[in-house]
**Student:** 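If you scroll down you'll find the structure; I have some questions about it.
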Amino acid sequence: MRRCLLILLWVAGAAGASERHALLVGVSSPPALPRSAWLDGPRHDVPAMRNALLAQGFAAERVVSLADGVDGAAAPTRGAVLAQLARYAKTLQPDDVLVIYWSGHGILTPGRPSLWQTPFGQQVRLLAQDARLDSRSQQLSGTVSSTDIGHAIDALAARRVRVVAMFDTCHAAGSTRGDAGLAWRGLASPVLRSAPRAASLAGRSAPVTGTGKQAPQPATGSRERPLFIGFFAAESQQRSAEAVASDYPGQARGIFTRALIAGLRDRPASYLAWADLTSAYYRQAFDERQLPASARPSPVYAGALEQALWTAAASPASWPVRQDERGWYVPYGRLDGLQAGDVLQHATSTWRVTEAGWNEARLATPGHAAASAGWARRLPAAVAAPALTVVDRRRGVSTVGLSLPGRDALRLRVADDALPALRARAADLAAVLALPSTAAAPPLLQARIEIKPPGQAGASLPFVDRDLGPLAPGTRLRVIVENGGDGAVDAGIVHLPLTGPATRVFPRFGGDSKRLPPRSGRVERAFEVTAQDAQSGPEWLVLVAAPAVDGAMPRRFAVFDALRDDVSDDGERGASLASRRRPDAAQVARISWQVAPGAVQ
């Protein structure tokens, strides 16, 4: 018996929420499934979550329950769920909060490129009460897919409904009970007596971007997921669990749901604090059952966690200062933008970064003995900006000289009003280009770039530091990144032209998880070099990666700083909540090119 739980919380907008709404879905006993695959937990989870939200100030009349086995709840069919989501997309107002909670079975099915799917290239399918597999067509119906969820999110985002999202999902290999009094949530194909085919669903086209062009966007909906928050009970390849006995009468059976509710009872001020508490309670539950570390799901958190709970108010960006046998440290480092000389402040205590590794920064001892660990504000060290010299200025256009690490001096013609943006971009690029090369170290990810010039044979090259030289307009670039290792990896990929808008390649949205699961995590994106003024300068494709740690907060890789003026990318720093530390390992690769002079069409 296995099962998956979806919790989706949306928060977007600028002011305080005018209303709070919740849709709670629980599916325990789909009639088309054998009784051995039915669940007992959802009928307990939904009332428990409802009570937790009421204690948070949600009005009872704005909490809708669709669950079987729950008094007063309507049937949780696919049609009922989608109809309620569509109703919210028409009636909710900007700054409203919508909580969508799903407790029930889930499976992974083959996905199509660019649909809302896991890093495995598969879709999550959540089974509604009317889920069934047609014996002739082998089509699975009565499910709510990750594509359905993505479309609902877009429709809500278009209305500026405010968002946080949490998934307690699993990738189950079979339908056997777990140890330690747990039942694993999720279904494997044998339970359905056949492997379901992927349904034919409309979805997003693959992003094709080039200099001066944005990735294609859906015809409706938001370009970004405003202030998106994501809480996931497990990585894509893992399972989540529920208790098989009612050892806590009146409480949820889902282990992650219990942890979420316990965290809320401690009245966290922000989503970051809630995530911190949730992971602690989650870990405690598995410790009590003496579940081996290899069998434990690892929660994943994504999005603008530094927002105040249930509102759009931003909490101050902060970094977790800790103490160990060696002294004071922060479990984030150079990949996250920390560097020697940065100052961190917490209450009356200050620490200075003395040594910054890839994933950890060591701090000097504070000036007084009363210093305590906690969330500290960062005062960045002064950094010399790249030399940008105006050589000539005529009729609102300047000719400038620019020096960047590792490159010959550049000369560009730039509109005067674009000079401030160029300076900011040059500073971000200088920080990225100054990172040491990791070419000599074993790579965390297998990464390559395929190049196909117009009318010529293609080539495949390892994604390592290199300059591709001049590329003709129409050249196709395809980036392929795979995690074939045994551990999860956090990764980020950004397209950074010297001029023009930067583009997020992976993750697609600012609030999405940066984590690639082991053995099957894969990213594939295509670009096209477009015609432009050849004097607009070079452009880079940057890959950064670091080992993931169970229960850690999302990374805010410094490479994403260059996107701050183009897309919403709120701070995402938090504590590494696992007992083990991130290895001081990283993968950094920068590929550059420039449009071939004289090739402008």
Side-chain angles (χ1 to χ4, degrees), residues 306 316-369 371-388 403-407 423-441 444 465 490 492 494 496 540 542-547 549 552-562 564 569 571-576 581-590:
E306 290 166 347
S318 55
W319 299 78
V321 173
R322 294 182 164 192
Q323 191 174 25
D324 61 10
E325 66 281 357
R326 293 177 52 198
W328 297 92
Y329 74 99
V330 174
Y332 290 87
R334 299 185 69 172
L335 285 185
D336 307 288
L338 288 175
Q339 57 187 321
D342 284 354
V343 175
L344 300 173
Q345 290 184 340
H346 170 58
T348 59
S349 302
T350 60
W351 296 262
R352 184 174 298 276
V353 176
T354 57
E355 179 184 349
W358 288 117
N359 302 299
E360 182 177 282
R362 304 303 305 189
L363 308 177
T365 302
H368 58 87
S372 60
W375 299 98
R377 186 167 57 94
R378 174 195 177 207
L379 303 178
V383 179
L388 189 153
S403 298
L404 288 170
R407 294 192 71 93
R423 282 193 173 91
R425 176 62 53 79
D428 291 328
L429 278 169
V432 171
L433 296 176
L435 290 174
S437 173
T438 59
L444 300 170
D465 279 358
D490 289 338
V494 176
L496 297 175
W540 288 262
V542 182
L543 164 69
V544 294
V549 172
M553 297 296 123
R555 300 298 295 257
R556 185 179 186 253
F557 291 132
V559 68
F560 288 108
D561 287 348
R564 57 177 173 252
D569 190 31
E572 297 177 353
R573 291 160 303 282
S576 173
R581 307 273 277 277
R582 284 191 181 97
D584 193 34
Q587 183 172 348
V588 176
R590 294 147 293 205

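Computed from a prediction, not measured in an experiment: that's the story for all the values here. All values below come from the heavy atoms of this structure, side chains included, with hydrogens, waters and symmetry mates left out.
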**Student:** If I compare all heavy atoms of A340 with all of A356, which pair ends up nearest, and what's the gap?
**Tutor:**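 Residues A340 and A356, closest heavy atoms: N-CB, 4.2 Å.
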**Student:** Any heavy-atom pair between the side chains of F557 and V494 that's under 4.5 Å?
**Tutor:**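 The answer is no, as the side chains (C-beta and beyond) never meet within the 4.5 Å cut-off.
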**Student:** Taking all heavy atoms of L335 and all of A545, pick out the closest pair and write down the distance.
**Tutor:**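 Heavy atoms of L335 and A545 come nearest at CD1-O, 3.6 Å.
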**Student:** Report yes if the side chains of L496 and D428 come closer than 4.5 Å at any heavy-atom pair, otherwise no.
**Tutor:**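 Contact flag for L496/D428 side chains = no.
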**Student:** Is a side-chain donor or acceptor of N359 paired with a backbone partner of P583 at a separation under 3.5 angstrom?
**Tutor:**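 Answer holds: yes.
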**Student:** Minimum heavy-atom separation for R334 to A434, with atom names?
**Tutor:**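 Heavy atoms only, the tightest pair is NH2-O, 4.2 Å.
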**Student:** Is there a side-chain contact between H346 and P366 in this structure, where contact means two heavy atoms from C-beta onward sitting under 4.5 Å apart?
**Tutor:**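 Sidechains of P366 and H346: no contact.
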**Student:** Below 4.5 Å, heavy atoms only, C-beta onward: do F560 and D336 meet side chain to side chain?
**Tutor:**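 With C-beta onward as the side chain, the pair stays apart.
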**Student:** Hey, what do you get for CG (D324) to OH (Y329), rounding to the nearest 0.5 Å?
**Tutor:**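 Answer for the CG-OH pair, D324 versus Y329, is 5.5 Å.
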**Student:** What is the distance from atom CG of L363 to atom CZ of R326, rounded to the nearest 0.5 Å?
**Tutor:**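 If we round to the nearest 0.5 Å, L363:CG and R326:CZ are 11.0 Å apart.
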**Student:** Holding to side-chain contact (heavy atoms from CB on, under 4.5 Å), I want the full list of residues that pass it with A430, two or more places apart in sequence or in another chain.
**Tutor:**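 Scan of A430 (side-chain contact (heavy atoms from CB on, under 4.5 Å), adjacent residues dropped) gives P386, L404, P405.
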**Student:** Could you tell me which non-hydrogen atom of Y332 sits nearest to which non-hydrogen atom of P320, and how far apart they are?
**Tutor:**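 Smallest interatomic distance, heavy atoms only, reads CE1-CG, 4.2 Å.
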**Student:** Could you work out, with side-chain hydrogen bond (donor to acceptor under 3.5 Å, both in side chains) as the rule, every residue matching Q345, not counting sequence neighbours?
**Tutor:**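 Once residues adjacent in sequence are excluded, the partners of Q345 under the side-chain hydrogen bond (donor to acceptor under 3.5 Å, both in side chains) criterion are R377.
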**Student:** Give me the atom names and distance for the closest heavy-atom approach of A376 to L344.
**Tutor:**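 Where A376 meets L344 most closely, the heavy atoms are CB-CB, 3.9 Å.
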**Student:** Could you list the residues that satisfy salt bridge (charged side-chain N to carboxylate O under 4.0 Å, His left out) with D465, not counting sequence neighbours?
**Tutor:**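 Partners of D465 by the salt bridge (charged side-chain N to carboxylate O under 4.0 Å, His left out) criterion, ordered by chain and then number, come out as R590.
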**Student:** Any heavy-atom pair between the side chains of S372 and S349 that's under 4.5 Å?
**Tutor:**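 Result no, sub-4.5 Å side-chain heavy-atom pair not found.
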**Student:** For salt bridge (charged side-chain N to carboxylate O under 4.0 Å, His left out), just list the numbers for R378 and D342, CA-CA rounded to whole Å, side-chain angles, deciding distance to a tenth of an Å, and then say yes or no.
**Tutor:** CA-CA 7 Å; R378 174 195 177 207; D342 284 354; 3.0 Å; yes
**Student:** Using side-chain contact (heavy atoms from CB on, under 4.5 Å) as the criterion, list what pairs up with R352, not counting sequence neighbours.
**Tutor:**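 For R352 the side-chain contact (heavy atoms from CB on, under 4.5 Å) partners, ignoring immediate neighbours, are V343.
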**Student:** Between the side chain of T438 and the main-chain N/O of V588, is any donor-acceptor distance below 3.5 Å?
**Tutor:**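 A pair under 3.5 Å: yes.
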**Student:** Is Q587 reaching over with its side chain to a backbone N or O of L444, donor-acceptor style, under 3.5 angstrom?
**Tutor:**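 The answer is yes, because a donor-acceptor pair under 3.5 Å joins these two groups.
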**Student:** What residues form a ring-ring contact (aromatic ring centres under 6.0 Å, His included) with W351, not counting sequence neighbours?
**Tutor:**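 Applying ring-ring contact (aromatic ring centres under 6.0 Å, His included) to W351 gives W328.
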